[in-house]
Amino acid sequence: MRVPVLVLNANFEPINVCSTRRAIGLVLSGKANLVLNGRGEIKTVSRTYPRPSIIRLENMIRRPRPRIRLTKREVLRRDDYTCQYCGQHTSYLTIDHIVPRRLGGRHTWDNLVAACPACNHRKGGRTLEQASMRLLRLPSEPPASAQYLFARHLHDNVEWLPFVQDW
Ligand SMILES: [Zn+2]
């Protein structure tokens, strides 16, 4: 019952992921309808329900445009778990402030990159120029597209892909 279900807004925009239990509650109370099942059925004493994979809300929910939260995990994901100095692809990475904090560098998307410990150590508290180091690409805030937001679920729920593309 904790298997994730994709929740679409009334206009089909993917907005959330909820548990199977919550999704069934929304459908039974008439707040959402079933868009996709294909996961078999859930049997109770008196009834059988299709197990939802995607539901759609009956009423449009208004909300601000989503943004990606600035966290270490999200910086590493944006940089595809690749050191932005040497290109090493590894799960053991640190976060480097391009302009060091003691030199006024800020904790922002365009001043943070994934760096392997060796590169981070080599750069130390210096700027790129001082350390004679170059970035593979200039960092920026990742677009909060649905495909980016829900990427971690798509491997296990490939049937969601057509519903999150182009949002
Ligand atoms: Zn490196």
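What you are looking at is a predicted structure, and each value in this text was computed from that prediction instead of being measured. Counting begins at 1 with the first residue of the sequence.
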Following the transitive rule for hydrophobic clusters with a side-chain heavy-atom cut-off under 4.5 Å over Ile, Leu, Val, Met, Phe, Trp and Tyr, establish whether Ile54 and Ile15 coincide in one cluster.
no
Close side-chain approach of Val27 to Tyr49, heavy-atom, < 4.5 Å
no
Nearest heavy-atom pair of Gly30 and Glu58: which atoms, and what distance?
O-CG, 3.3 Å
Got a second to check how far Arg106's CZ is from Leu112's CG, nearest 0.5 Å?
11.0 Å
Side-chain heavy atoms under 4.5 angstrom apart, residues restricted to Ile, Leu, Val, Met, Phe, Trp, Tyr: same cluster for Val35 and Leu57?
no
Looking at Asn11 and Glu13, would you say the former's side chain and the latter's main chain have a donor-acceptor pair under 3.5 Å?
yes
Any heavy-atom pair between the side chains of Leu138 and Asp110 that's under 4.5 Å?
no
Where do Ala146 and Pro14 come nearest, in terms of heavy atoms and distance?
CB-CG, 3.8 Å
Taking the side chain as every heavy atom from C-beta outward, state whether Gln147 and Gln165 have any pair of such atoms under 4.5 Å apart.
yes
Following the transitive rule for hydrophobic clusters with a side-chain heavy-atom cut-off under 4.5 Å over Ile, Leu, Val, Met, Phe, Trp and Tyr, establish whether Leu161 and Leu36 coincide in one cluster.
yes
Measure the spacing between CZ of Arg56 and CG of Leu34 and express it to the nearest 0.5 Å.
12.0 Å
Is any side-chain heavy atom of Pro4 closer than 4.5 Å to one of Asp156?
no
Whether the side chain of Gln130 engages the backbone of Thr127 through a donor-acceptor N/O pair (distance < 3.5 Å, no angle test) should be reported.
yes
Close side-chain approach of Glu74 to Tyr148, heavy-atom, < 4.5 Å:
yes
Measure the spacing between OG of Ser132 and CZ of Arg122 and express it to the nearest 0.5 Å.
8.0 Å
Checking Asn16 side chain against Val7 main chain: does a donor-acceptor pair fall under 3.5 Å?
no
Atom NZ of Lys31 and atom OG of Ser29: how far apart are they, to the nearest 0.5 Å?
4.5 Å
What is the ring orientation for Tyr81 with His89, classed by angle as parallel under 30°, tilted 30 to 60°, or perpendicular over 60°?
perpendicular
Enclosure of Arg77 CZ (heavy-atom neighbours >12, cutoff 6.0 Å):
yes
Would you say the side chain of Val17 lies within less than 4.5 Å of the side chain of Trp160, judging by non-hydrogen atoms?
yes
Has Asp79 got a side-chain atom pairing as donor or acceptor with Ala114's backbone, closer than 3.5 angstrom?
yes
Given side chains that start at C-beta, do those of Arg78 and Glu141 come closer than 4.5 Å, heavy atoms only?
no
Verify the neighbour count for atom CZ of Arg69: are there more than 12 heavy atoms of other residues, nucleotides or ligands below 6.0 Å?
no
Quick one: do Trp109 and Leu149 end up in the same hydrophobic cluster if we chain Ile, Leu, Val, Met, Phe, Trp and Tyr together by side-chain heavy atoms under 4.5 Å apart?
yes
Taking C-beta and beyond as the side chain, do Leu76 and Arg73 meet within less than 4.5 Å on heavy atoms?
no
dist Leu8:CG -> Leu6:CG (nearest 0.5 Å) comes out at 5.0 Å
Return yes if some donor-acceptor pair links the side-chain N/O of Lys123 with the main-chain N/O of Ile98 below 3.5 Å, else return no.
yes
Name of the residue among Asn120, Val113, Leu93 meeting side-chain contact (heavy atoms from CB on, under 4.5 Å) with Cys83
Leu93
Can you name the one residue among Asn33, Asn37, Leu26 that meets side-chain contact (heavy atoms from CB on, under 4.5 Å) with Ile55?
Leu26
Hey, any chance Leu154 and Ile68 share a hydrophobic cluster, counting ILVMFWY side chains that come within less than 4.5 Å of each other, even indirectly?
yes
Residue Arg21 excluded, over 12 heavy atoms near CZ under 6.0 Å
no
Return the minimal non-hydrogen interatomic distance between Leu103 and Gly125, and the atom names on each side.
CD1-O, 4.1 Å
Working to the nearest 0.5 Å, report the span between CZ of Phe150 and CG of Asn157.
11.5 Å
Between Glu159 and Ser53, does any side-chain donor sit less than 3.5 Å from a side-chain acceptor?
yes
Would one find more than 12 heavy atoms of other residues, nucleotides or ligands at under 6.0 Å from atom CZ of Arg51?
yes
List the atom of Leu136, the atom of Thr82, and the distance in Å for their closest heavy-atom pair.
CD1-CG2, 4.4 Å
